[in-house]
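Below is one structure, written out as structure tokens, with a few remarks after it.
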Amino acid sequence: MSSPVVAWFREQARDLPWRRPGFPAWGTLVSEIMLQQTQVARVVPRLEAWLTRWPTPADLAASPPSEAVRAWDRLGYPRRALALHAAATVIAEQHGNVVPRDVDALLALPGIGDYTARAVAVFAYGDRHPVVDVNVRRVLARALLGQGEPGPAKAKQDLRLMESVLPADRDEAAATNAGVMELGALVCVARAPACDACPIADRCAWRAAGYPAHDGPRAPKQARFAGSDRQVRGLIMAELRASDVPVTVDEVALVWPDAEQRARALASLVRDGLAEGDDASGYRLPRG
DNA sequence: GAGACGTGGTA
DNA sequence: TTACCAAGTCT
């Protein structure tokens with residue numbers, strides 16, 4: 001399946017910052033962490049600002065984690081900002097300020113899992129590894145397995161399946177990874193796939209079978225957000241980001257009426273290292 | 001391994 | 001308006 005996908009990718013790929021020639025490995029790492037569960041359009045502006053301010057891992061490590069969390073702004077899942085700051089510190093101190101190329105070394109960094117580690121090794125360094133995200137899983141499920149949706153993620157199986165379609169050549173393999181991912185993002189999308197524009201429509205198992213409805217196990221549904229602890233955490237974090245001085249519990253109380261839920265959210269933020277302080281002295285972002 | 005973890009766009 | 005979905009990771 002690689003060749004038509006690679007040809008399509010070379011024609012149709014979006015012009016994105018991390019695809020520019022000479023884009024640094026550090027930029028690739030930052031972009032991949034920002035892109036975890038977050039759309040490209042929301043990432044691009046934050047990424048550019050981030051790299052302007054912190055051109056290398058050591059630059060970020062020299063700033064307090066509070067500044068990383070502030071610069072993360074409203075990208076969501078702010079623990080990623082904390083993890084990125086921690087990863088930058090490790091890279092600066094233990095890797096000579098050079099983003100590791102080895103997948104296992106990358107996996108050892110906070111906030112970097114199976115996807116991000118291989119994405120950095122492949123997109124920043126051009127090495128040959130299978131890169132599997134939700135787009136890849138959906139394309140493979142349809143084209144190869146004849147299923148309308150990817151089931152629950154199964155890391156080892158998913159990696160093996162992608163490996164099975166990867167060309168031997170390094171550069172072709174990298175382009176295949178990027179191409180399958182881009183295909184899933186632009187054409188083979190979840191809701192209304194544009195099969196007329198698909199370079200492998202003529203060999204897609206799902207299309208050949210007449211688009212059968214999905215029957216196997218499904219990926220777990222996302223929990224309701226409205227009224228959740230996640231929402232409360234988000235509201236509190238917005239307050240902390242906006243303030244240079246500790247935020248009092250009375251001020252925190254203004255963002256959510258339920259005292260018990262507020263206390264729970266606050267405690268979890270402190271536990272996660274996203275906030276520090278207490279009811280007596282107020283709460284603020286972590287100063288490191 | 002199921003569930004927690006933000007935020008915003010789209011239908 | 002509700003529900004789904006988005007370049008996942010961690011516990």
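Note that the coordinates shown come from a computational prediction; the quantities given were computed from them, not determined experimentally. We name chains A, B, ... by the order of the sequence lines, and we start the count at 1 in each one.
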Do D215(A) and Q147(A) have side chains that get closer than 4.5 Å, going by heavy atoms?
no

What is the nucleic acid contact for R224(A), judged by heavy atoms within less than 4.0 Å: base, sugar-phosphate only, or nothing?
sugar-phosphate

P atom, dT9(C) versus dG8(B): distance in rounded Å?
22 Å

Rounded distance in Å between the P positions of dG6(B) and dT1(C)
24 Å

Could you note down all residue pairs passing ring-ring contact (aromatic ring centres under 6.0 Å, His included) where residues 116-174 of chain A supplies at least one of them, sequence neighbours left out?
none

Can you list every pair that meets ring-ring contact (aromatic ring centres under 6.0 Å, His included) and has a residue in residues 36-82 of chain A, with sequence neighbours left out?
W50(A)-W54(A), W50(A)-W72(A)

If we ignore hydrogens and angles and just use 3.5 Å, is the side chain of W206(A) paired with the main-chain N or O of P212(A) as donor and acceptor?
yes

First and last nucleotide of DNA chain B touching chain A, 5' to 3', heavy-atom cut-off 4.0 Å?
dC5(B) to dA11(B)

Where protein sits on nucleotides 6-11 of chain C, one letter per nucleotide: B base, S sugar-phosphate only, - none, heavy atoms under 4.0 Å
BBBSS-

Phosphate-side-chain proximity, K221(A) and dC4(C), N/O vs OP1/OP2 below 4.0 Å:
yes

Check: T38(A) and R80(A) side chains under 4.5 Å, non-hydrogen atoms:
yes

Where the side chain of R138(A) meets the backbone of C188(A), is there a donor-acceptor pair that is under 3.5 Å apart?
yes

Please name all residues satisfying side-chain hydrogen bond (donor to acceptor under 3.5 Å, both in side chains) with S243(A), sequence neighbours left out, ordered by chain then number.
none

For residues 88-96 of chain A, which side-chain donor-acceptor pairs fall under 3.5 Å, sequence neighbours excluded?
residue : atom : partner : partner atom : Å
T89(A)  : OG1  : H85(A)  : O            : 2.9

With nearest nucleotide decided by heavy atoms, which residue, R80(A) or P152(A), maps closer to the 5′ end of DNA chain B?
P152(A)

If we take the P atom in both dA4(B) and dA7(C), what is their distance in whole Å?
23 Å

